Amino acid sequence: MSKVIFSSWAGKTVDNRGLGVEQHAYARDLGLPSGYDHTKVAAFMGWDGFVVWDEKINVVDMAHAYIKEVQKISCGECMVGYIGIGVIADTLAKILGGKGGEEDIDLLQWLANGVKENARCTFGQTAPIPIIDSIKYYRDEYLKLIKKNRKTVPKSSYKVMVTAPCMEACPAHLDIPGYIELIRNHRYGESLSLIRDGVCLPGVIGRVCTAPCEEACRRAQYDGHVCIRLLKRCVADWEMNSGLTPSFAKPRKSKEKIAIIGAGPAGLACSYNLALKGYRVTIFEELPIAGGMAAVGIPQYRLPTKILDRDIELIEKTGVEIRLNTKIGKDLEMGDLWKGGYKAIFIAIGAHKGRKMGAEGEDKDYEGFVDGMKFLQDVNLGRVIEPKNRILIVGGGDVAVDCARSCLRLGFRDVNIVYRRSRVEMPARKAEIEEAEKEGVKISYLAAPTKILAKDGKVIGAECIKMALGEPDSSGRRRPIPIKGSEFVMEADMIIPAIGQQPDLSFLPVRDQIKLAKQLTIETDITTCQTSGEGIFAGGDCVTGPAVLIDALASGNKAAQSIDQYIRKGKVTQGEDTKLESAVKGINISAQREQEIIPREMPQITSQLPLKKRIGNFREVENGFNTEAALEEAKRCLRCYRVMVWATAE
Ligand SMILES: Cc1cc2nc3c(=O)[nH]c(=O)nc-3n(C[C@H](O)[C@H](O)[C@H](O)COP(=O)(O)OP(=O)(O)OC[C@H]3O[C@@H](n4cnc5c(N)ncnc54)[C@H](O)[C@@H]3O)c2cc1C
């Protein structure tokens, strides 16, 4: 990173103008974004100030480029922000056009301060900061233009990045304030269309997303985060319940065929994006239904089948073909796909192979010993499962909790989870654990099975051992250590191990030379999804190990971009957007200074299916917002948009 000439960022100023180069500071020492290709960037301007590396840059021109971008997402909710920003943009254009007077500088300053003090959202309050700073520190540049001492303004080109704390946290970088604002303006269809730009399964994600955006929401620090996930669900449900079908762009079909292995969220996202670009896409799926873990993992009381089916149906409307019951490695080989004329392959096979517990007898095929994934698959595919008396589920993640809650619904009487660490380390979501306990699931902590006990080939229980917690391991959680001599027996007529999954990569042919990572997942370039095999890309759980839907969807989106580039240019390079995103990561985009002025409003509350109505059926537990509640909730969004422009001198 080159040394800066001038920087005013987050209230801290470094002015090296007129000093020898040896006295200039490095950007990284100032806590500034330093990841972007610094040889090309001459300056940037954003919500907290601006930085100049190259003195050829005209700060007034950069301020104009910046405020025009701000103007594009200025919402009009408050006149001060909307009109103020518009007049700032016009005044800057006037000065740049050689028609400004000194009074225009005063006008700019007055307007910028007025918007900063009086705008209703934090976007409006922060947007004028770099304009104020530019006048304060580069007044000479303004005067040169006004007094016509500078006839021509050096040309620069600008890259734009729009972000927000919630957008930063979302792996799909969804325009969250944008779709919330559309809800606030009753424009549900447009809101959903904006959501679909980043998430092709809006109904699904609106129900079961882990919602990292909500943790990052600045309201979380005050009166509770905006219920971003449920707002998504509301518009997805609104479209479905209104009997509407969205229309998708119909690009001219290209000749190129792309093969995708696996119809889970990663494969579906990749297929959707490629189809919208005009590619002919076929997904090969081994199961009789599409959706991956969303179809055969997540139980219906959290994600009803009709919701997933509708999202998939709409993806198929874009022209994607899904060939079910077709396992690559059995029904077809990877080589057949190349022979079939496919020009690139995206591997999105998830992580379905259950890990071993290391307990004696787990490989003996005892009746009543069923892997967690297989159990949930059977439940979701409607296969008959005979309820048992006492069931023991081993593990502390979402799969274990989903198995337990499903067992109760199937009529199993005594449902127990045994987990080797304490509740603090349990990886399943807190809300899920609480609901499971309310429904009657019992959880034994600090214990693990050492031996499966069976009689006449049938499970009768497990010998377990008590655990103590030692130092943290590589996962950061305290390591469970068996306590010698503490063995005890837990009786059970069914045992379900649910201690984690890994991808089944046995179908990969050696000749494609696809490198694997240590955890036996597929190794890829994380910014492009490229594997070491020519024309082969991979994403989702088979790359990350078991993760979450939004990560899988984001990787499918990214892979589609890379595959498109690969087909058109024959190679893949990291996109400008990705570079900008990683450069901006790490800057604190929720500045402290605006926090006192947030009005307190309580989040909307949703209801849940009463406990007594949950047993014996898979009815959805969580209720969503109706549109009135959604409108109220949407009003709570602070619109923490942040705009940044990066200048390159020409
Ligand atoms: C029980 C459970 C509950 C979960 N709950 C949540 C939740 O609430 N929220 C959340 O965000 N995430 C949750 N997850 C995680 C989430 O479902 C996964 O991260 C996500 O589905 C991964 O998507 P994927 O496309 O990478 O893989 P998958 O969804 O696993 O899809 C892979 C697909 O590839 C197919 N396939 C595999 N091998 C082949 C082959 N050789 N040929 C053809 N097809 C093949 C599989 O049949 C499958 O359909 C849960 C997972 C489980 C197991």
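For reference, positions follow the sequence shown, starting with 1. In listed order, ligands and their atoms are each counted from 1. From a predicted model like this one, the values you see are computed outputs, not experimental measurements.
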### Per atom 39 (C) of ligand 1, closest listed option by heavy atom (Glu286, Lys353, Gln377)
Glu286
### Task
Answer with side chain, backbone, both or neither: which part of Met373 has a heavy atom less than 4.0 angstrom from an atom of ligand 1?
side chain
### Geometric N/O contact Gln501 with ligand 1, under 3.5 angstrom
no
### Distance, nearest 0.5 Å, that separates CD1 of Ile347 from CG of Leu508
5.0 Å
## Note on the structure
the protein heavy atom lying closest to atom 26 (O) of ligand 1 turns out to be Asp541 N, 2.8 Å
### Distance filter under 4.0 Å to Ala348 heavy atoms, resulting ligand 1 atoms
32 (C), 33 (C), 34 (O)
### Task
Run the numbers for me: atoms of ligand 1, each under 4.0 Å from some heavy atom of Gly540, listed by number.
26 (O)
### Query
Quick one: does Ile328 get an N or O within less than 3.5 Å of an N or O on ligand 1?
yes
### Query
Any side-chain donor-acceptor pair under 3.5 Å between Ser607 and Asn623?
yes
### Distance filter under 4.0 Å to Ile261 heavy atoms, resulting ligand 1 atoms
40 (C), 42 (N), 43 (C)
### Query
Can Arg614 be said to sit on top of Tyr301's aromatic six-ring, NZ or CZ under 6.0 Å from centre and within 45° of the ring axis?
no
### Query
Are the side chain of Asn557 and the backbone of Gly198 linked by a donor-acceptor contact shorter than 3.5 Å?
yes
### Query
Does ligand 1 have an atom under 4.0 Å from some heavy atom of Arg429?
yes
### Message
Under 3.5 Å, is there a donor on one side chain and an acceptor on the other for Ser562 and Gln565?
### Response
no
### Task
Report the member of Asp402, Asp398, Val204 with the shortest heavy-atom distance to atom 2 (C) of ligand 1.
Asp402
### Query
Under 3.5 Å, is there a donor-acceptor pair between the Glu534 and Tyr566 side chains?
yes
### Task
Would you kindly specify which portion of Leu376 sits under 4.0 Å from ligand 1, judged on non-hydrogen atoms: side chain, backbone, both or neither?
side chain
### Task
Answer yes when Arg207 and Asp237 have at least one side-chain N-carboxylate O distance shorter than 4.0 Å, and no when they do not.
yes
### Query
Going by distance alone, is a donor N or O of one side chain under 3.5 Å from an acceptor N or O of the other, for Arg355 and Gln501?
no
### Task
From atom 15 (C) of ligand 1, work out which of Gly297, Ala547, Ser555, Pro288 has a heavy atom at the shortest distance.
Ala547
### Message
Tell me the contacting part of Asp551 for ligand 1: side chain, backbone, both, or neither, using a 4.0 Å heavy-atom threshold, strictly below.
### Response
neither
### Task
For Phe284, counting its heavy atoms only, list the atoms of ligand 1 lying under 4.0 Å from any of them.
43 (C), 44 (N)
## Note on the structure
Residue, atom and distance of the protein heavy atom nearest atom 34 (O) of ligand 1 read Gly262 CA, 3.2 Å
### Query
Between Lys327 and Glu333, is there a side-chain N and carboxylate O pair less than 4.0 Å apart?
no
## Note on the structure
Closest non-hydrogen contact found for Cys200 with Ala269 is SG-CA, 3.6 Å
### Query
About how many Å separate CG of Leu337 and CD1 of Ile258, when rounded to the nearest 0.5 Å?
11.5 Å
### Query
With a 4.0 Å cut-off on heavy atoms, does Thr326 reach ligand 1?
yes
### Task
Answer yes or no: is there an ion pair linking Glu432 with Arg302, defined by an N-O contact shorter than 4.0 Å?
yes
### Pro265-ligand 1 polar pair, N/O distance under 3.5 Å
yes
#### Entry: Distance from atom 25 (O) of ligand 1 to nearest protein heavy atom, with residue and atom
Ala266 N, 2.9 Å
### Task
Around atom 48 (C) of ligand 1, find the nearest protein heavy atom and jot down its residue, atom name and distance.
Glu285 OE1, 3.4 Å
### Message
Distance check, rounded to the nearest 0.5 Å: Cys227 atom SG versus Lys232 atom NZ?
### Response
11.5 Å
### Task
Select the closest option to atom 27 (O) of ligand 1 among Ala400, Gly350, Gly539, judged by heavy-atom distance.
Gly350
### Task
Find all atoms of ligand 1 within a distance of less than 4.0 Å from any non-hydrogen atom belonging to Leu287, and give their numbers and elements.
47 (O)
#### Entry: atom 17 (O) of ligand 1: nearest protein contact (heavy atom, Å)
Met293 CB, 3.1 Å
### Message
Within the supplied structure, the quantity of interest is the number of heavy atoms (other residues, nucleotides, ligands) at a distance under 6.0 Å from Asp365 CG; does it exceed 12?
### Response
no
### Query
Heavy-atom distance to atom 9 (N) of ligand 1: which of Val208, Ile550, Leu553 wins?
Val208
### Message
So, regarding Phe507 and ligand 1 (criterion: nitrogen or oxygen to nitrogen or oxygen, under 3.5 Å), is there a contact or not?
### Response
no
